[in-house]
**Q** 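Below you will find the structure I want to go over with you.
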Protein chains: 2
Amino acid sequence: MPHDIVKDFGYLTLGSRLRRLGEMVQANTQLIMQQHGIDLPAAHYPFLAAIDRNGPLTVGELADVIGISQPGATRTIGQLAEAGLLDLSVSDGDQRRKQVSLTKAGQDLVDYSTREVWPGVEAAVRNLCTDLDGSFLEQLASIEDGLKHRPLIERMTEDKETK
Amino acid sequence: MPHDIVKDFGYLTLGSRLRRLGEMVQANTQLIMQQHGIDLPAAHYPFLAAIDRNGPLTVGELADVIGISQPGATRTIGQLAEAGLLDLSVSDGDQRRKQVSLTKAGQDLVDYSTREVWPGVEAAVRNLCTDLDGSFLEQLASIEDGLKHRPLIERMTEDKETK
DNA sequence: ACGAGTTATATAAACGGTTATATTTCTCTT
DNA sequence: AAGAGAAATATAACCGTTTATATAACTCGT
């Protein structure tokens, strides 16, 4: 009995494999954020970060920029607004558009994360993804194994220690 | 206004990015199968392929081998059984276990795919993923761009033509 | 200035996955 | 042989996403 069919099938099942790995990375990231007392689905951060970086954006622009469907964006924005992190207001010139901006709490969260959390996450992921070699498939396998062997959260603290 | 925030954020948003790319690849694959008259969610093939390769497996074994949760496996197996591709039967020795096997239709589908479709898909994906260089992130970008520029289905036919 | 078409957002339904929990069957100790 | 615990599957509830569609607001040609 094989250990991992999706891996065995190589390029044929690349799609499943990328998705699976992506979910693992997101789960790891979310855990790190939780440890900092921030309890938000990993997929929600891009919304906050996008507005922080660009200033207020409309629902459609956010969907575009983040690369999900417009209804998906509407929903996530709704949840973030509910959580008090985003603020919706009808655009001045065009009443169809809704301008989405960060609330004070949202801005604080982004500021804190930018300062205290994300650099560590970035470093941990970078650490996971460097010094790979071989075919793309082999690199993918290395990342999978690496993540299983030492989750992102350990790669952060270790970075601090060894630095 | 940026074009793609998830891309811009580099390693920080690797999770989202892998998931997104995985979905794109799966959608491409599904389209190819459809063109051959096979209309099944891309994520279902591993079940058929796993049983084809290993003989009948139990629900739990399939979940393991494919790398999803047991309830997820139960559900997908149910759908494939509904579609007449899989057959469930209680195990001989242990009445808790359910042995999952391919029906004639399921076996035919696998045989046909193995002969006529999957090699092409595999080649197309391999084509997409070779001759990459740079950091893992840069390779990812190449694949994203490559897929956008020429979908898998074109990479199959082109392979045939140029061969 | 009005109506046709377009654009922006919202809503609904479906899907594939998850976790938590229930149910059934087996195993093993005494 | 009985009863406790373990194991396999099923069910329920939820989540984030998707497509299709509805609704509301705008634009533009006549």
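Just so we're clear, the structure is a prediction, and the values are computed from it rather than from any experiment. All values below come from the heavy atoms of this structure, side chains included, with hydrogens, waters and symmetry mates left out.
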**Q** With the threshold set at 4.0 Å, does a side-chain nitrogen-carboxylate oxygen contact exist between B:Asp94 and B:Arg97?
**A**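 Yes, B:Asp94 and B:Arg97 are salt-bridged.
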**Q** Supply the atom-to-atom distance A:Arg155 CZ to A:Asn28 CG, rounded to the nearest 0.5 angstrom.
**A** 9.0 Å
**Q** For A:Gln79, report the nucleic acid contact type (base, sugar-phosphate, nothing); a contact means any heavy atom under 4.0 Å.
**A**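 Sugar-phosphate contact only.
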**Q** Closest to the B:Lys98 side chain: C:dA8, D:dA8, D:dT9?
**A** D:dT9
**Q** So which nucleotide from C:dT9, D:dG16, D:dT9 ends up closest to the side chain of B:Thr58?
**A** D:dT9
**Q** Base, sugar-phosphate or nothing for B:Gln99? Non-hydrogen atoms, less than 4.0 Å.
**A** nothing
**Q** Heavy atoms from C-beta onward define the side chain here; which of C:dC26, C:dT9, D:dT9 lies closest to that of A:Val59?
**A**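 Among C:dC26, C:dT9, D:dT9, the one nearest the side chain of A:Val59 is C:dT9.
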**Q** Nearest nucleotide by nearest heavy atom, which residue falls closer to the 5' end of DNA chain D, B:Asp94 or B:Arg75?
**A**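 Closest to the 5' end, via its nearest nucleotide, is B:Asp94.
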**Q** Between C:dT24 and B:Arg96, counting only base atoms on the nucleotide and side-chain atoms on the residue, is there a donor-acceptor pair under 3.5 Å?
**A** no
**Q** B:Thr74 side chain N/O closer than 4.0 Å to the phosphate oxygens (OP1, OP2) of D:dT11?
**A**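 So the side-chain polar atoms of B:Thr74 never come under 4.0 Å of the phosphate oxygens OP1 or OP2 of D:dT11.
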**Q** What distance do A:Gln35 atom CD and A:Leu31 atom CG have between them, rounded to the nearest 0.5 Å?
**A** 7.0 Å
**Q** Please tell me which of the listed nucleotides, D:dA12, D:dA20, D:dT17, lies nearest to the side chain of A:Pro71?
**A** D:dA20
**Q** Charged N to carboxylate O under 4.0 angstrom, B:Glu122 versus B:Arg126?
**A** yes
**Q** If you look at every strand shown and take non-hydrogen atoms under 4.0 Å, does A:Gly72 touch a base, only sugar-phosphate, or nothing?
**A** base
**Q** Between D:dC26, C:dT9, C:dG16, which nucleotide gets closest to the side-chain atoms of B:His44?
**A**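 Of all the options, the side chain of B:His44 is nearest to C:dG16.
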**Q** Hey, which sits more toward the 5' end of DNA chain C by its nearest nucleotide, B:Ala43 or A:Gln70?
**A** A:Gln70
**Q** Look at B:Ser69 and C:dT18 and indicate whether a side-chain polar atom (N or O) is within less than 4.0 Å of OP1 or OP2.
**A**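 Yes.
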